[in-house]
Structure formats: C-alpha cells, structure tokens
Amino acid sequence: QVQLMQSGGGSVQAGGSLRLSCAASGDTSSTYIMGWFRQAPGKEREGVTAIYTGDSVTYYEDSVRGRFTISQDNAKNTLYLQMNSLKPEDTAMYYCAAAKGTFNSETLGWKLRDVQLFTYWGQGTQVIVSS
C-alpha cells in the first residue's frame, strides 16, 4: 500500500500561481500512475493530469495544458502540481491519487478518466481562485 499526504493550496487571485505537493510513503518501489484530480462543488471529480512513474511520461487535460505542470521528485517520494495562470474555474478541492501497476504510458489519458482505477488518495486540499 501507499499513503499520500497533501500540502499546499490556498487562495489566490486570477492569474496567480500555487503549488501542491503529495508525499508518498509505504510501497514506493512499485510503479504507479500518479494523478491529480479536482472536484468543484456540485460537480464530479475529474482528472486533470497524470504521470507514470515507470517512465515519467505525463498527460494533461486540455483545460490545464500549458498552465499546470506535474512532476515528481523520486528522492523525496513527492509528487508536485505547479499551477500557473490560475482561473476562477480552477477553484476546487484537489486530490492526488495513485493507481498501482504496470501500464502503457500511451494510455495515460484514458486511465486518468477511470477514477475507479485509482485506489490510493490524498486527503484533498482546497484551491480558491478569485476574479
């Protein structure tokens, strides 16, 4: 198993930046798809970006591509989400999540849309972007 502990987030004006962190502990030697999800009030949880730890290939949904960057620090077992040019519609609770296994990184986009695939979740952190 792996445990995920999130930090970061907060409130920022539109156009600003925030960085989220997700520290992993436990079984960090296996390969995972690590994803960042968000859920706005009244909406379903959606995946916005993912990285496959096996080869560091990344995937971004159109809504965040060019503004958000997912990265990992293997020495610290920590996943990051750098969010730039934030918009009010980015306001949501953000979650990191992990899906354990060996995957074809070309399918990251499809895997990110399968929320049930992700069995390990962080506690969530709020991001509020004001206009």
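Below, all heavy atoms of this structure are taken into account, side chains as well, without hydrogens, waters or symmetry copies. Computed from a predicted structure; not experimentally measured.
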Determine whether [X] and [Y] fall in the same hydrophobic cluster, where Ile, Leu, Val, Met, Phe, Trp and Tyr are linked whenever their side-chain heavy atoms lie under 4.5 Å apart.
{"X": "Val127", "Y": "Ile70", "value": "yes"}
{"X": "Val115", "Y": "Met93", "value": "yes"}
{"X": "Trp36", "Y": "Leu117", "value": "no"}
{"X": "Leu112", "Y": "Ile33", "value": "yes"}
{"X": "Ile51", "Y": "Tyr120", "value": "yes"}

Just how far is it from atom [atom1] of [X] to atom [atom2] of [Y], taken to the nearest 0.5 Å?
{"X": "Asn77", "Y": "Gln3", "atom1": "CG", "atom2": "CD", "answer": "11.5 Å"}
{"X": "Ile128", "Y": "Leu86", "atom1": "CD1", "atom2": "CG", "answer": "12.0 Å"}
{"X": "Asp55", "Y": "Ser105", "atom1": "CG", "atom2": "OG", "answer": "3.5 Å"}
{"X": "Asn84", "Y": "Thr69", "atom1": "CG", "atom2": "OG1", "answer": "6.5 Å"}
{"X": "Thr58", "Y": "Leu108", "atom1": "OG1", "atom2": "CG", "answer": "8.0 Å"}
{"X": "Tyr80", "Y": "Gln72", "atom1": "OH", "atom2": "CD", "answer": "11.0 Å"}

Just checking, any donor-acceptor pair under 3.5 angstrom between side chains of Ser71 and Gln82?
no
Phe118 vs Phe37 aromatic rings, parallel, tilted or perpendicular, using cut-offs 30° and 60°?
perpendicular
Angle between ring planes, Phe68 versus Tyr94, binned at 30° and 60°: parallel, tilted or perpendicular?
tilted
Check for a donor-acceptor pair, side chain of [X] on one end and backbone N or O of [Y] on the other, with a separation under 3.5 Å.
{"X": "Thr53", "Y": "Thr31", "result": "no"}
{"X": "Gln6", "Y": "Gly124", "result": "yes"}
{"X": "Tyr52", "Y": "Phe103", "result": "yes"}
{"X": "Asp90", "Y": "Lys87", "result": "yes"}
{"X": "Gln126", "Y": "Ala92", "result": "yes"}
{"X": "Thr28", "Y": "Ser25", "result": "no"}

Please determine if Arg113 forms a cation-pi arrangement with Trp110, meaning its NZ or CZ atom is less than 6.0 Å from the six-membered ring centre and no more than 45° off the ring axis.
yes
What is the minimum heavy-atom distance between [X] and [Y], and which atoms define it?
{"X": "Gly9", "Y": "Thr125", "answer": "CA-OG1, 4.0 Å"}
{"X": "Lys100", "Y": "Ser30", "answer": "CE-OG, 3.3 Å"}
{"X": "Gln123", "Y": "Tyr95", "answer": "O-CE2, 3.9 Å"}
{"X": "Met34", "Y": "Ala98", "answer": "SD-CB, 3.5 Å"}
{"X": "Ser21", "Y": "Thr78", "answer": "CB-CG2, 4.2 Å"}
{"X": "Pro88", "Y": "Ser131", "answer": "CG-CB, 3.9 Å"}

For the pair Arg65 and Asp62, evaluate salt bridge (charged side-chain N to carboxylate O under 4.0 Å, His left out) and give the outcome as yes or no after the intermediate values.
CA-CA 5 Å; Arg65 187 175 292 118; Asp62 289 345; 2.3 Å; yes
What I'd like to find out is whether the side chain of Glu46 reaches to under 4.5 Å of the side chain of Arg38, using heavy atoms alone.
yes
Measure the shortest side-chain to side-chain distance between Tyr59 and Glu106 over non-hydrogen atoms and say whether it is less than 4.5 angstrom.
no
